[in-house]
Amino acid sequence: MPHGSEIGCDLCIIGAGAAGIALALELDGSGIDVVLLESGGFEYDDATQALYEGRSVGHHAASLVDARLRYFGGSTNHWGGFCHPLDHQDFIERPWVPDSGWPIARADLDPFYARAQPILELQDYDYSVRRWKKSLPPIFTGKMFEGRLMPEIFQLSPPTNMGELYRSALVSSANVRLFLWSNLREIVPDGTATTVERLDVACLSGNGFSILPRKVVLATGGIENPRILLASNTVAPAGLGNGHDIVGRYYMDHPSHEAATLLLNQPSQIARRPAMQPIFPQAALRPEVEDAERVQRFLTTLHVGQELFAEPEGYMAVRDIFKAFGRLEWPDDLSERLEIFLGDIDDAVSYGYQRYFADAEALGLRVHTEVGPHPQSRIMLGDSVDALGMPTVIRDWELGELDRRTIRRGLEIVGEEAGRAGLGRLRIHDWVMQPDFEVPGSGSWHHMGTTRMHADPGKGVVDAHCRVHGMSNLYIAGSSVFPTSGMANPTLTIVALAIRLADHLKAS
């Protein structure tokens, strides 16, 4: 783009990750003139990725530059594929969870969840135990789950790399124009800060240009969305949409770590998952138990082996080959993966034997729980700037006592139910028993809540249609609009909300 150029459009989508690509796909062929603005190119680039550099305080987590990807496809370039819709209880107000409740219900999202399934290459929109009973390990249909526990079914996306899968459709679109290597520096509103007039875009090559849109959707993720709003302070000194000091607050992630070991009374294959299944079942508390215990959403695996993700490289290579064959696909990197497998064959075979054939003496429990929306957990602007002159980010992630009690009490209930069923006894790891523990590890890289959805402008940044309160033409897509995190991975909900927003934009 020549320096100083101006590009007009009906709609500009900022960010080509899960939300931005899903939104663009839904608008493809609509007749709406769409500009899709992406910071990176089609491949990873060190200089572009470095624009994510920042500082973290509070609860430890993965570095800001490592926990997301800044090129076409966004973080779908490295996600795990775990998909589950948010549940009814995620959307309702729970008196013991401050600031809980959405301005929409699960029923409002159901049709959009169904439409999101094929985009993420998932099977039918049915997450019931009845639908997947034949694919469940016996433990999930036995006595341990007849009381306070229930199975939660997660469908497994391949995982879909949305940048690769949908690149051709968007590049060849008649009404979607894709701009790569284009970084939004500021959203410039009119003098009253109620309507976006211009988007200032900068390139690392030195040139800059402007977008003149009728409407704008900010879809750059749970950390960059508030960063851009806060940095867009030429007219509104506190940042756009931040009249009530909410932008950047209520940051959430899912704590995830090995937390306990279930020592079985006798070696068993009771928790062994059948090979090549498109689901991953986990253990959750029944809603009435959460209510009675006054805890948040609790989720844990019951997996063979002590470390769920400690898979040898050779095993992962051959596993991915068989997954591709199961989808009737021929892997592009077949020879490379076979070479990895042969170079690690001893560990791969040993792990595979333990995973699929040996009787397990113990099961590992990896927790993946909801954290509450705490206003003190937040994204702020730092004093330093990046290569484009944008202020860098400070992330302050804080856990509360309810977050810790949910993890501890949830594990205790799992142990009590295992004992009642005569399966064995639970050994909770030492870190869980510390009074003010931090969850080890780096979080789940699920950045949520920082531009939360609420009907009251004093309590949220966007309304039920994801429009920024007080602004006529600025919308936000992605997990930053989640008022609460739930216990499910966010990608399916991100895509469902993007489809819902597309319908709204087409009708408005």
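Taking the side chain as every heavy atom from C-beta outward, H429 and E258 approach each other to under 4.5 Å. Residues L497 and V481 form a side-chain contact, since some pair of their non-hydrogen atoms from C-beta on lies under 4.5 Å apart. Side-chain contact between M453 and C466 is present, with heavy atoms from C-beta onward closer than 4.5 Å. Between F179 and V201, the closest side-chain pair of non-hydrogen atoms is not below 4.5 Å. The shortest distance between side-chain heavy atoms of R294 and R405 falls below 4.5 Å. In this structure, I119 and I499 have side chains that are in contact, with non-hydrogen atoms separated by less than 4.5 Å. In this structure, the side chains of V217 and L23 come closer than 4.5 Å at one or more pairs of heavy atoms. L399 has its side chain within reach of R404: a pair of non-hydrogen atoms, C-beta onward, lies under 4.5 Å apart.
Pairing each heavy atom of L230 with each of A238, the nearest pair is CD2-O, 3.7 Å. Across every non-hydrogen atom of D28 and S173, the tightest pair is OD1-OG, 2.6 Å. Closest of all the heavy-atom pairs between I211 and C9 is CG2-SG, 3.8 Å. Taking every heavy atom of both residues into account, A67 and A62 meet most closely at CB-CB, 4.0 Å. Contact record, G8 with D33: O-OD2, 3.7 Å, taken as the closest heavy-atom pair. Contact between Q434 and R408 at its shortest, heavy atoms only, is O-NH2, 3.0 Å.
Without hydrogens or angle criteria, S479 side chain to H447 main chain gives a donor-acceptor distance under 3.5 Å. Of the possible donor and acceptor atoms, none in the side chain of H257 sits under 3.5 Å from a partner among the backbone N and O of S442. Remark: the backbone N or O of Q296 is paired with a side-chain donor or acceptor of T406 at under 3.5 angstrom. At least one donor-acceptor pair under 3.5 Å links the side chain of D403 to the backbone N or O of G372. Judged by distance alone, the side chain of R366 and the main-chain N or O of T301 form no donor-acceptor pair under 3.5 Å. Under a 3.5 Å cut-off, the side chain of R467 and the backbone N or O of M471 do form a donor-acceptor pair. In this structure a side-chain-to-backbone donor-acceptor pair under 3.5 Å is missing from T48 to D45. Judged by distance alone, the side chain of S232 and the main-chain N or O of I187 form a donor-acceptor pair under 3.5 Å. A donor-acceptor pair under 3.5 Å is absent between the side-chain atoms of D66 and the main chain of S63, judged by distance alone. Not a single donor-acceptor pair under 3.5 Å links the side chain of D396 to the backbone N or O of S377.
To the nearest 0.5 Å, atom OH of residue Y250 and atom OG1 of residue T451 are 13.0 Å apart.
Salt bridge absent: E38 and R70 never bring a charged side-chain N and a carboxylate O closer than 4.0 Å. A salt bridge links R297 and D90; the closest N-O separation between the charged side-chain nitrogens and carboxylate oxygens is under 4.0 Å. Checked for salt-bridge contact, D200 and R198 meet the test: a charged N lies under 4.0 Å from a carboxylate O. A salt bridge is defined here as a Lys NZ or Arg NE, NH1 or NH2 lying under 4.0 Å from an Asp or Glu carboxylate O, and D386 with R227 meets this definition. Between E224 and R68, at least one side-chain N (NZ, or NE/NH1/NH2) sits under 4.0 Å from a carboxylate O, which counts as a salt bridge. A salt bridge links D124 with R131: at least one charged nitrogen is closer than 4.0 Å to a carboxylate oxygen.
Separation of the H374 and W397 ring centroids does not fall under the 6.0 Å cut-off.
Under a cut-off of 6.0 angstrom, the local environment of CG in D456 is crowded, with over 12 non-hydrogen atoms contributed by other residues, nucleotides or ligands. For H60, the NE2 atom is densely surrounded, since the number of other residues' heavy atoms within 6.0 Å is greater than 12. Around the CZ atom of R177, the shell of radius 6.0 Å holds more than 12 heavy atoms that belong to other residues, nucleotides or ligands. Around atom CD of E197, more than 12 heavy atoms belonging to other residues, nucleotides or ligands sit under 6.0 Å away.
Using modelled atom types and a 3.5 Å distance limit, the side chains of N473 and T195 yield no donor-acceptor pair. In summary, the side chains of S384 and T392 do present a donor paired with an acceptor at a separation below 3.5 Å, with no hydrogens or angles considered. Side chain to side chain, K215 and S472 fail the donor-acceptor criterion of an N or O pair below 3.5 Å. Inspection of the N183 and S39 side chains reveals an N or O donor paired with an N or O acceptor under 3.5 Å. If you check the side chains of S256 and H254, you find no donor sitting under 3.5 Å from an acceptor. Between the side chains of T491 and N489, no donor-acceptor pair of N or O atoms lies under 3.5 Å. Between T234 and E186, the side chains place a donor N or O and an acceptor N or O closer than 3.5 Å (distance only, hydrogens not considered). Looking only at atom types and distance, the side chain of T493 has a donor-acceptor partner in the side chain of Y113 under 3.5 Å away. For the residue pair Y125 and D110, a side-chain donor N or O sits within less than 3.5 Å of a side-chain acceptor on the partner.
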Residues L388, L51; criterion side chain to side chain contact (heavy atoms under 4.5 Å, CB included); working and verdict: CA-CA 8 Å; L388 296 171; L51 297 172; 4.0 Å; yes
Test log, rule side chain to side chain contact (heavy atoms under 4.5 Å, CB included), inputs M150 and R286: CA-CA 6 Å; M150 58 182 285; R286 295 187 184 277; 3.8 Å; yes
Derivation of the side chain to side chain contact (heavy atoms under 4.5 Å, CB included) call for F298 and M487: CA-CA 7 Å; F298 173 85; M487 60 185 177; 5.8 Å; no
Full working for side chain to side chain contact (heavy atoms under 4.5 Å, CB included) between T484 and W102: CA-CA 8 Å; T484 51; W102 292 50; 3.0 Å; yes
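For residues 235-248, the side chain to side chain donor-acceptor pair (under 3.5 Å) pairs, not counting sequence neighbours, are D245-R249.
Remark: R378 is not positioned above the aromatic ring of Y251, lacking an NZ or CZ atom under 6.0 angstrom from the ring centre and at most 45 degrees off the axis. Annotation: cation-pi geometry satisfied between R167 and F42 (NZ/CZ under 6.0 angstrom from ring centroid, within 45° of ring axis).
When each of L11, I13, L180 is paired with L36, the side chain to side chain contact (heavy atoms under 4.5 Å, CB included) condition holds for I13 and for no other.
A tilted orientation is assigned to the rings of W445 and H78, their planes being inclined by 30° to 60°. Ring geometry, Y127 versus H84: the interplanar angle exceeds 60°, so the pair is classed perpendicular (tilted spans 30 to 60°). Between Y44 and Y71, the ring-plane angle classifies as perpendicular under the 30° and 60° cut-offs.
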Throw together a table of side-chain donor-acceptor distances under 3.5 angstrom for residues 91-99, partners on residues two or more places apart or in other chains.
residue	atom	partner	partner atom	Å
R94	NH1	E370	OE1	3.0
R94	NH2	E370	OE2	2.8
W96	NE1	V295	O	2.9

